[in-house]
Amino acid sequence: MNTWLEISRGAVEQSVMNYRKMAPGSAFFGVVKSNAYGHGLQEMTEILKPLHARGDVSGLAVNAVFEALALRSFGYTGTVLIMGRNGDEDYRDIPESESDFHMVLSTVDDIRALQSIRPLPFHLKVDTGMSRLGLHGKAFEEVLDFLSSRPSLPWRGLMTHFANVEDVMDQGYGRMQLARFEQAMDRARAVFRTSGFTGELICHSAASAPAMLLPESRQHWIRVGISLYGFWPSSSTRLSARTVFAEMPEFRPALAWKSRVVHINRVEAGTDVGYGCTFRTPAPTTIAVIPVGYYEGYDRSLSNRAHVLIRGKRAQILGRVCMNMIMVDVTSIPECEPGDVATLIGLDGQESISADELADLAGTINYEVVTRIEPGIPRIIVD
Ligand SMILES: *Cc1c(COP(=O)(O)O)cnc(C)c1O
C-alpha cells in the first residue's frame with residue numbers, strides 16, 4: 001500500500017467529550033457528510049457507533065439520502081439528520097420501514113413532495129442570515145400557516161445555520177442571527193403547541209464554532225462537523241475561545257495522511273523539474289517521488305511551496321504537483337530510499353504538518369483540504 005490515511009479513534013473520542021463537557025445539555029450530533037470530511041464514512045461510523053451506544057453521540061448528520069443509506073449499511077441504527085435539499089426521486093431509495101431519517105425542508109412544496117413519497121419526520125429550516133436554505137419573514141409565516149392546519153404531519157424540528165461565527169472575532173452577526181432564530185422559535189413553538197402537534201419541537205442551530213463561542217446557540221441539538229475530527233474551525237475561533245473558556249478544550253487532528261517514496265532521482269545543478277519546468281535545481285539535488293497528486297486531493301496550488309516529512313525532516317515540493325505524483329527535495333536527507341514513509345499531513349518525530357498549514361499555503365480552509373482527499377485511498381483506524 002503506497003498511500004493511506006490513519007484515523008485516530010482516540011482523537012475523535014476526545015473531540016466528542018470536549019463538546020459533551022462544554023454543552024452537556026445538548027444532544028451531540030456528529031456531522032459526517034462528504035465522506036466524513038474526507039476521513040471515510042465507514043471508518044468514522046465504526047468509531048462513532050460505540051459512542052452512540054453509550055449515549056455521548058445522539059445522532060449523525062449528513063447532506064444526502066445516499067449518505068444516510070450508507071450509514072445504515074455500516075450498521076448504524078440511530079437518528080440521521082439529512083440536511084441538504086435532495087431530489088424528490090431520492091426519497092424513493094429510502095426503505096418504507098425507515099422512520100429515523102429526519103429531513104431538513106424549507107418550503108411547502110418541499111413538505112408536500114416528501115410526504116407524498118415517504119412520510120418521514122422533518123425539520124423546518126429558517127433563514128436567519130445565511131441566505132441559503134430556509135425561509136424568513138412572510139414566506140416563513142406562510143409555511144407555519146400551512147403546518148398549522150395539518151397537525152398529523154410528522155413535523156419534528158426547527159433549525160437554522162450560522163454564516164459568520166468562525167470567520168470573525170466579533171460575534172455581532174452571530175448574535176443577530178441568534179435573535180432572529182429566537183423569534184422564529186417563539187413563533188414556531190406557538191404554532192406547534194396550538195395546532196395539535198404532539199411532543200416538543202426540537203430546535204438546533206449550532207455547528208462547531210457557534211457551539212463553542214455562543215452558548216445561547218446550544219438548543220436541543222448541536223451539529224458538530226469540523227471539530228469532531230479534531231480541528232479548530234479557524235484560527236479566529238481558537239483565539240475567541242480563549243476569552244470563553246477558563247480551561248481551553250484540547251483538540252487533536254484525527255487524520256494523518258501517509259505515502260511512500262517510490263523512486264529516487266539524483267540530478268545535476270541546472271536541471272528542470274516537472275511540468276512547465278517551474279523549478280530548476282540550483283545545485284546537485286536528490287529528488288524523491290511520492291505517488292500522490294491532485295487527483296488524490298493534494299492541491300495543485302501547493303506546487304513549489306508545501307513540504308512532506310521524511311525521516312522526521314521536511315522535504316520541499318519541487319515543481320508542479322502532478323495528477324498522481326509529487327517530487328520532493330531530499331538532498332539533505334541522504335539516507336532516504338524507496339519505501340520510506342512520507343507524511344503529507346501528520347507527525348513524524350519532532351516535525352508535523354497540519355491540514356491548516358496546507359490550507360494556508362493553498363489559500364483555502366482546513367475543511368477543504370481534508371474533504372478533497374480521494375475517497376478510494378484506504379483509511380485505517382488507529383488509536
Ligand atoms: C456542515 C454543516 C454543519 C457542520 O459545520 P462545522 O462547521 O463543520 O461544524 C452544521 N450544520 C449544517 C447545516 C451544515 O451544513
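Counting starts at 1 for both ligands and their atoms, following the listed order. None of the values given here were measured: they were computed from a predicted structure. Both backbone and side-chain heavy atoms feed into the values below; hydrogens, waters and symmetry mates do not.
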Tell me which part of Arg132 gets within contact of ligand 1: side chain, backbone, both or neither, using heavy atoms under 4.0 Å.
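Arg132 to ligand 1: side-chain contact only, backbone stays beyond 4.0 Å.
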
Checking contacts here: is it the side chain or the backbone of Lys33 that comes within 4.0 Å of ligand 1, counting heavy atoms only? Could be both or neither.
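It is the side chain that touches ligand 1; the backbone stays farther off.
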
When you measure from the centre of the six-membered ring of Tyr173, is the NZ or CZ of Arg175 closer than 6.0 Å and no more than 45° off the axis?
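Output no; distance or angle outside limits.
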
Asp127 and Arg132: salt bridge (Lys or Arg N to Asp or Glu O under 4.0 Å), yes or no, with the steps?
CA-CA 7 Å; Asp127 171 30; Arg132 193 172 65 178; over 6 Å; no

Give the numbers and elements of all ligand 1 atoms closer than 4.0 Å to a heavy atom of [X].
X      : value
Ile226 : 6 (P), 8 (O), 9 (O)
Met83  : 2 (C), 11 (N), 12 (C), 13 (C), 14 (C), 15 (O)
Tyr37  : 1 (C), 4 (C), 5 (O), 6 (P), 8 (O)
Ser208 : 6 (P), 9 (O)

Please state which protein non-hydrogen atom is closest to [atom] and give its distance, to 0.1 Å?
atom                    : answer
atom 5 (O) of ligand 1  : Ala207 CB, 3.4 Å
atom 11 (N) of ligand 1 : Arg223 NE, 2.9 Å
atom 7 (O) of ligand 1  : Tyr367 OH, 2.6 Å

Counterpart residues, ring pair (Phe, Tyr, Trp, His ring centres under 6.0 Å), relative to Tyr76 (two or more places apart)
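Result, ring pair (Phe, Tyr, Trp, His ring centres under 6.0 Å) vs Tyr76: His52.
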
Contacts of type ring pair (Phe, Tyr, Trp, His ring centres under 6.0 Å), residue His123, not counting sequence neighbours:
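Residues passing ring pair (Phe, Tyr, Trp, His ring centres under 6.0 Å) with His123: His102, His204, Trp221.
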
Can you tell whether the side chains of Glu6 and Lys258 come within less than 4.0 Å, N to carboxylate O?
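A salt bridge links Glu6 with Lys258.
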
Indicate yes or no: does Lys313 engage Glu351 in a salt bridge with an N to O separation below 4.0 Å.
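Salt bridge between Lys313 and Glu351, a charged N being under 4.0 Å from a carboxylate O: no.
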
Using the ring of each side chain (for Trp, its six-membered ring), is Phe197 parallel, tilted or perpendicular to Trp155, with breaks at 30° and 60°?
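Rings of Phe197 and Trp155: perpendicular, over 60°.
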
